[in-house]
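Starting from 1, each residue takes its place in the sequence as its number. Order of appearance sets the numbers: ligands from 1, and atoms from 1 within every ligand.
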Amino acid sequence: MNSHRTDAIAGALDALRIELPSWGFANTGTRFGKFLQPAAAATIAEKFSDAGEVHRLTGACPTLALHVLWDFPDGVRSASAVRALAGQHGVRPGSINPNLFEEQHYKFGSFGNPDPAIRARALAHAADSVAIARELDSRDITLWFADGSNYPGTANIRQRKQWFEEGLRNVHTRLAPSQRMLVEYKPFEPAFYHTDIADWGMALLLARASGPQARVLVDTGHHYAAQNIEQIVAWLLAEGMLGGFHFNDRRYADDDLTLGSIDPYQVFRIFHEIQFFEWETGTRADIAYMIDQSHNLKGKIEAMIQTVMMAQELYAKAALVDHAALASAQAHCDLVAAESILQNAFATDVRPAIVEWREAHRLPANPMAAFRAGGYLERITGERQHRAAAASSYA
Ligand code: LRH
Ligand code: MN
């Protein structure tokens, strides 16, 4: 591979930072069961420790996304302990995710609940989440809502939209100037008739209505199978409203599988749209690349390392697209030439250049092999296997 291409790959890897999800290290399951892993993290200290191990091996994961109810048992009062853990494990607190979906009082919704007292409780929790983010110098607050309905006629969809506008606008007023709120959409689950924030357009309109520091978060698992996700990404880029991603893969629905395990070309096409935009505009898109996965069968840490390695590989391949040649082929409607430019980049084996980048950064050539040989899993299994298994459904 010529130096121009290895330089392009090195430049891409220097820029790519991927945020890990604290809940990805904990025992999670499906409604049909949770298969417990003795080494799974159960405390925030263990989640930071595991994230620290992934960052130590990949050099690409300096932040950890946190979910408020699962990681801050005492709310904002837990922030100083979290800050200390971050220092100890070399991973900074990342995006703050409120929990507006599992407590009993959210049965009929949170921001969209017909009961003003419940909407007020939900807003108070979102406000606490912003306060926690301020306390930890976390830039992003990621807002996902399970709100919706299961049966036609049971919800006033327009009324709930207005309540969401009011609630999200209120959250926006609490942001520090440097902070952002990322509105995450999802077409269904747990609601199975309508979901209040069901697609990118609804999230875009609500983010716009909230204020200038609001953006849209694209969870790759939150799309109907036939949807063209990279077109949504292109539109959000063009609108200046793409705030970040939750990366995972799926065969059917929100399966939260390892990135690229089902459709790596999908992820490549997303990365291509971003890098093509950056080439065309000469700007760096202000995107938070984050992982959102839950592994019932794979080892939690290995799944994260696999995802980071796959993301680096696909992002590096996208950096090999000759954007000038592509723009010319597009302008001349040379379909085969244009398509081949992407396919050739995708077909390029970038792994030798990635190993070169890792060695240049004194990182293991193969993070997965280093993890398996490193003894970390054996050590934490010994430390953690004695505790009783918690029976909660998620994280
Ligand atoms: C909802 C979601 C959201 C999180 C949760 C863990 O499906 O993607 O981002 O809060 O997963
Ligand atoms: Mn998500």
Record the part of His67 in heavy-atom contact with ligand 1 below 4.0 Å; permitted values are side chain, backbone, both and neither.
side chain
Listing request: all side-chain hydrogen bond (donor to acceptor under 3.5 Å, both in side chains) pairs with a residue in residues 83-93, at least two apart in sequence or in separate chains.
none
Quick one: do Met368 and Val54 end up in the same hydrophobic cluster if we chain Ile, Leu, Val, Met, Phe, Trp and Tyr together by side-chain heavy atoms under 4.5 Å apart?
yes
If we number the atoms of ligand 1 from 1 as shown, the ones under 4.0 Å from a heavy atom of Asp254 are 7 (O)
Quick check: does His222 get an N/O under 3.5 Å from an N/O on ligand 1?
yes
How would you list, by chain and number, every residue that makes a side-chain contact (heavy atoms from CB on, under 4.5 Å) with Trp279, sequence neighbours excluded?
Phe276, His323, Ala324, Ala327
Considering Asp292, Asn99, Asn97 one by one, which has a heavy atom nearer to atom 8 (O) of ligand 1 than any of the others?
Asp292
Tell me the closest heavy-atom pair linking Ile274 and Tyr289, and the distance in Å.
CG2-OH, 3.4 Å
The remaining residues in the hydrophobic cluster of Leu205, counting side-chain heavy-atom contacts under 4.5 Å among Ile, Leu, Val, Met, Phe, Trp and Tyr, are none
Could you tell me if the ring centre of Tyr151 sits under 6.0 Å from that of Tyr193?
no
Under 2.8 Å from the Mn ion (ligand 2), the protein N, O or S atoms found are Glu184 OE2, Asp219 OD2, His246 ND1, Asp292 OD2
Sidechain N-carboxylate O distance under 4.0 Å for Asp50, Arg384:
yes
